[in-house]
Structures are given as C-alpha cells and as structure tokens.
Amino acid sequence: MKTHDQEMLERRVNSEVRISHFLAEQVANAATYFGYPEVPENHDLAILGVSSIAKLHLNNAGDPWIHGNAKMHTKNFEVEVLDKVADLYKIKDNYWGYITSGGTEGNLYGLYMSREYFSRRDLPCVYTYSRSSHYSIPKNGHLLGIESLVIDEQASGEMNYDHFRSELTKIKASGSDFPGLIVNLNIGTTMKGAIDNLERINSILDELAIDRSKVLIHADAALNGLIYPFTEGALDLFALGVTSLSVSGHKFLGAIHPCGIVLAKKSIHSESFTDQWVSYVGSHDTTISGSRNGFLALNLWYLLDVKGIEGYKEEALRCIENAKYLKEKLEAIGYPDVGLFPNQTIVTFKKPEQQIVEKYQLATDGDLAHVVVMQHITKFRIDKFIDDLAATI
Ligand SMILES: Cc1ncc(COP(=O)(O)O)c(C=O)c1O
C-alpha cells in the first residue's frame with residue numbers, strides 16, 4: 001500500500017509531466033500558427049512570467065484614473081498604455097479609455113457609450129454595420145437592444161457605399177425625425193482585412209445633409225490598431241468623426257493573454273456617462289466589467305515600453321511587406337483566388353486541402369482561407385508553407 005507521501009509525489013510528477021507535454025505540443029503548434037491574428041509565443045514577455053509579479057492579485061476595478069481604496073492595481077501602467085495609443089491617434093489631450101478583456105468588449109463599449117449618448121438626448125438610435133463585420137458587432141447590437149441596419153459588402157470586404165446611402169435615404173424619406181446614427185467602421189475586417197472608407201462615408205452623410213451632431217462612429221481596429229496609423233494614406237480617424245475605437249491587445253500588440261484597449265472622445269464619453277460613483281470601490285463605474293485584470297495592463301505596458309511606437313511601426317511595415325511576399329509566392333505557384341487588401345496583412349486564397357488547413361491552423365470561410373501575416377510569420381516560414389501547399393496541387 002502506498003503511503004500518503006508517495007501518492008502525493010506521484011500526483012505531482014504526473015501533473016508536471018502532463019504540463020510539460022502540453023508545453024511541448026503548444027510550442028510546436030506556435031510554429032505553424034498561420035490562420036489567426038495572434039502572436040502565438042512572445043519571448044519579450046518571459047520576464048512577467050518568471051518574475052514574482054505573476055503571483056500577485058492585481059485588480060484595476062473601476063476608472064483607470066481613479067485609484068480607489070485598494071492599492072493592488074496597475075492603473076498607473078494602464079494609463080501610460082492608454083496615453084501612448086491615444087497619442088498615436090492624436091487625441092491624447094481629449095480622450096477617455098480603459099484596458100478591456102478584448103476587442104469584443106471594446107466594441108461593446110463603443111456601442112454602449114453611443115447608445116447612452118443618444119438616450120440622454122432623448123433620441124432613438126440606429127446602428128449600421130457591414131455584413132463582413134466581426135461577429136461581435138451584431139451580437140453587441142443584440143445585447144444592447146439597438147435597432148440594426150446591415151449594409152451589404154463589396155467583394156473586397158469593404159462596405160457597399162451605395163447600399164449605405166440608400167438605407168439612410170429611406171430613413172430620411174420616412175418623414176419621422178432622423179434618429180441618432182451609430183456607424184460601425186471596419187478598420188480591417190476579420191477575413192479579408194478590408195477597411196471601410198471614412199471619407200466616402202462622410203461625403204454620403206454630407207450629401208444627405210445629415211446633422212453631424214446625430215452621428216457617432218465607432219472604429220473596430222481589432223487587429224489593425226497599431227498597424228493602420230503607419231500605413232500609406234492612413235486618415236486621422238478622430239479628426240474625421242470617429243468617436244470611439246477598439247483594439248485587441250493580444251493581436252498585433254502581442255500580449256499573450258486576451259485583452260484590448262478602448263478609446264473614446266472625452267467630450268462624448270462625459271456626456272454619455274454621469275453619476276457613476278461607487279463608494280464601495282472608491283471609483284467611477286465607467287467600465288463594462290467591474291474587476292479588471294491588472295496583469296494585462298502590465299503585458300501591454302511592458303511591450304509598448306520595450307518596443308516603443310517606433311518598434312511597432314517597423315513590425316507593421318515588415319508584416320505588410322511579408323504579406324505581399326506571400327501573395328507573390330502564391331501567385332507564382334498559380335494558386336487560385338489570391339487576394340490582399342492594399343496595405344494589409346491578411347492574404348486570402350482558395351481553401352486548401354484539409355491536411356494544410358490543419359497543419360497551419362487556417363481560418364476558413366466557405367471556399368476561402370487566409371493567412372494573417374503576423375510578426376512570427378517570416379519569409380522563411382512562408383517559403384515552407386508554400387512548399388507544403390505546392391505539394392498538394
Ligand atoms: C475585426 C475584428 N473585430 C473584433 C474582433 C474581436 O476581438 P477579440 O477576439 O479580441 O474579442 C476580431 C477578432 O478576430 C476581429 O477580427
């Protein structure tokens with residue numbers, strides 16, 4: 001009969017063996033992680049894992065700028081992260097924001113704030129988004145009970161502007177007062193990386209003489225938040241009418257745990273939310289979740305601090321160049337249906353055989369698959385992928 005000590009030792013050994021196998025399996029999976037917009041393994045962040053920080057309970061409950069009663073939080077780091085991204089979007093002196101649990105929560109926040117803004121003005125509201133938007137976009141509209149208008153997409157994945165115009169024209173023609181309009185602007189769709197053209201949207205709003213005080217625009221930049229500003233022809237989104245923006249922290253930013261950033265124009269935010277004080281935490285309840293993971297803020301702070309905005313710019317330009325390289329390689333082997341939205345990092349092509357889909361963990365949509373050319377997808381790995389793919393045709 002085993003003693004208690006023997007049993008405990010065996011249990012520990014078995015647990016550690018299982019974890020070690022899991023680690024080895026995941027390191028191998030990371031090498032062929034091609035289909036989704038994440039950095040699968042981030043060595044830059046090893047310091048957070050091995051340091052004693054990982055054992056601490058760090059809770060950023062409430063507003064990032066109001067520290068509250070408990071001292072175990074990372075709000076100073078959080079605000080530094082927000083400031084850096086707000087600076088990149090030229091709104092550092094006029095914004096509010098927080099670190100979310102991911103791009104989905106940022107999208108929910110943008111919509112929630114917009115709904116509150118209009119409801120404080122006693123205006124009903126309508127939410128428009130293109131059919132190629134991420135699934136969080138319709139879900140959030142449903143959660144918040146907002147009337148939605150789904151706009152057709154073009155083959156590129158961009159919004160169909162004629163359809164947008166005709167839907168707004170119908171509302172105008174209905175004779176009732178024009179409602180508050182919340183426009184979801186895709187700054188990179190999930191499947192094709194398509195970007196909705198804000199200038200075209202603005203000119204349609206002007207053409208129809210829609211009162212701009214009744215329009216709020218939320219930008220979904222889940223993958224592209226730290227790519228878009230560095231691309232050729234990038235617009236100054238907030239100057240052109242965007243009122244909130246959501247970015248995923250675990251995509252291009254490279255955090256290893258799901259997280260995100262939401263930014264909003266300060267004036268819109270403060271008109272939308274008043275009287276949110278909660279004395280129990282000693283802060284304003286201005287975020288969607290109450291308790292928030294302070295460790296995630298450290299992930300983002302560390303990455304931004306080490307690389308700097310310049311480092312992200314270099315990475316963004318390299319990924320765009322590598323995406324072009326992948327497109328050229330696919331075309332060179334005569335692979336069908338190859339597409340790449342200008343200045344983007346997502347290359348689409350005909351869905352390959354199942355063995356390739358599985359090995360490279362490719363995301364697929366009908367007959368289409370894509371590779372999201374993230375920082376770890378080097379030319380060397382692209383060549384290997386092309387060799388594997390060429391062998392199947
Ligand atoms: C365009 C777009 N928006 C939102 C999201 C949701 O982001 P998250 O997974 O961080 O919630 C994604 C995720 O892939 C996306 O591609």
Side-chain angles (χ1 to χ4, degrees), residues 33-40 42 81 85 97-112 127-144 148 150-151 153-154 156-159 182-198 217-228 231 237 242 244-263 287-289 292-293 296-297 299-300 303 316 319 323 340-341 343-348 361-365 368-375:
Y33 194 85
F34 271 47
Y36 295 89
E38 282 106 25
V39 178
N42 197 331
V81 169
V85 180
Y98 74 97
I99 293 185
T100 62
S101 61
T104 296
E105 185 181 330
N107 286 338
L108 180 61
Y109 196 81
L111 191 57
Y112 175 46
Y127 176 41
T128 69
Y129 55 83
S130 85
R131 208 171 291 287
S132 53
S133 302
H134 183 255
Y135 61 83
S136 62
I137 300 295
K139 178 174 70 182
N140 291 339
H142 180 64
L143 275 173
L144 292 170
S148 301
V150 186
I151 308 297
E153 60 181 306
Q154 302 181 39
S156 66
E158 245 178 294
M159 165 193 301
I182 308 168
V183 179
N184 179 69
L185 180 81
N186 284 318
I187 300 293
T189 56
T190 308
M191 198 58 198
K192 296 182 178 168
I195 296 189
D196 291 333
N197 187 328
L198 181 56
I217 303 177
H218 173 76
D220 178 5
L223 165 64
N224 271 339
L226 265 84
I227 299 177
Y228 178 77
T231 55
L237 296 181
V242 165
S244 53
L245 173 116
S246 167
V247 183
S248 288
H250 55 285
K251 293 193 167 84
F252 191 74
L253 270 154
I256 35 170
H257 305 290
C259 60
I261 293 170
V262 67
L263 300 178
T287 53
I288 285 181
S289 42
R292 292 186 299 113
N293 188 334
L296 300 177
N299 265 235
L300 293 177
L303 289 168
C319 290
L340 171 63
F341 199 87
N343 286 316
Q344 285 303 298
T345 55
I346 299 182
V347 181
T348 48
Q361 303 157 67
L362 301 182
T364 59
D365 184 14
L368 215 58
H370 74 194
V371 165
V372 186
V373 181
M374 299 293 290
Q375 291 93 326

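Numbering of ligands and ligand atoms starts at 1, following listing order. We're numbering straight along the sequence, starting at 1.
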Side-chain H-bond candidate by donor/acceptor type, Q344 with N224, under 3.5 Å: yes
Candidates I261, L303, L253 - the one meeting side-chain contact (heavy atoms from CB on, under 4.5 Å) with L226: L253
N299 side chain vs A255 backbone, donor-acceptor pair below 3.5 Å: no
Contact summary for N184 and S133, nearest pair of heavy atoms: ND2-OG, 3.6 Å
Proximal atoms of ligand 1 relative to G188 (non-hydrogen, under 4.0 Å): 1 (C)
S248 neighbourhood, listing ligand 1 atoms whose heavy-atom distance to it stays under 4.0 Å: 7 (O), 8 (P), 10 (O)
Shortest protein contact, atom 13 (C) of ligand 1 (heavy atom only): K251 NZ, 2.8 Å
Sidechain-backbone polar pair: Y98 side chain, I288 backbone, donor-acceptor under 3.5 Å: yes
Atom indices of ligand 1 within 4.0 angstrom of G103 heavy atoms, with elements: 7 (O), 8 (P), 10 (O), 11 (O)
Under 3.5 Å donor-acceptor, Q154 side chain and M159 backbone: yes
Nearest neighbour in protein (non-hydrogen) for atom 11 (O) of ligand 1: T104 OG1, 2.7 Å
Option whose closest heavy atom lies nearest to atom 3 (N) of ligand 1, chosen from V372, N186, D220: D220
Within-cut-off N or O pair, T190 and ligand 1, under 3.5 Å: yes
Test item, G260 contacting ligand 1 (heavy atom, 4.0 angstrom): no
Side-chain (T287) to main-chain (S289) donor-acceptor, under 3.5 angstrom: yes
Contact check, side chains of N186 and S130, non-hydrogen atoms, under 4.5 Å: yes
Ligand 1-proximal atoms of N107, by part, heavy-atom distance under 4.0 Å: side chain
H250 near ligand 1 by a heavy-atom separation under 4.0 Å: yes
Geometric class of the Y33/Y36 ring pair [parallel <30°, tilted 30-60°, perpendicular >60°]: tilted
Distance filter under 4.0 Å to A222 heavy atoms, resulting ligand 1 atoms: 2 (C), 3 (N), 4 (C), 5 (C), 12 (C), 15 (C)
Nearest-contact summary for atom 6 (C) of ligand 1 - protein heavy atom, Å: H134 CE1, 3.3 Å
T189 N/O to ligand 1 N/O under 3.5 Å: no
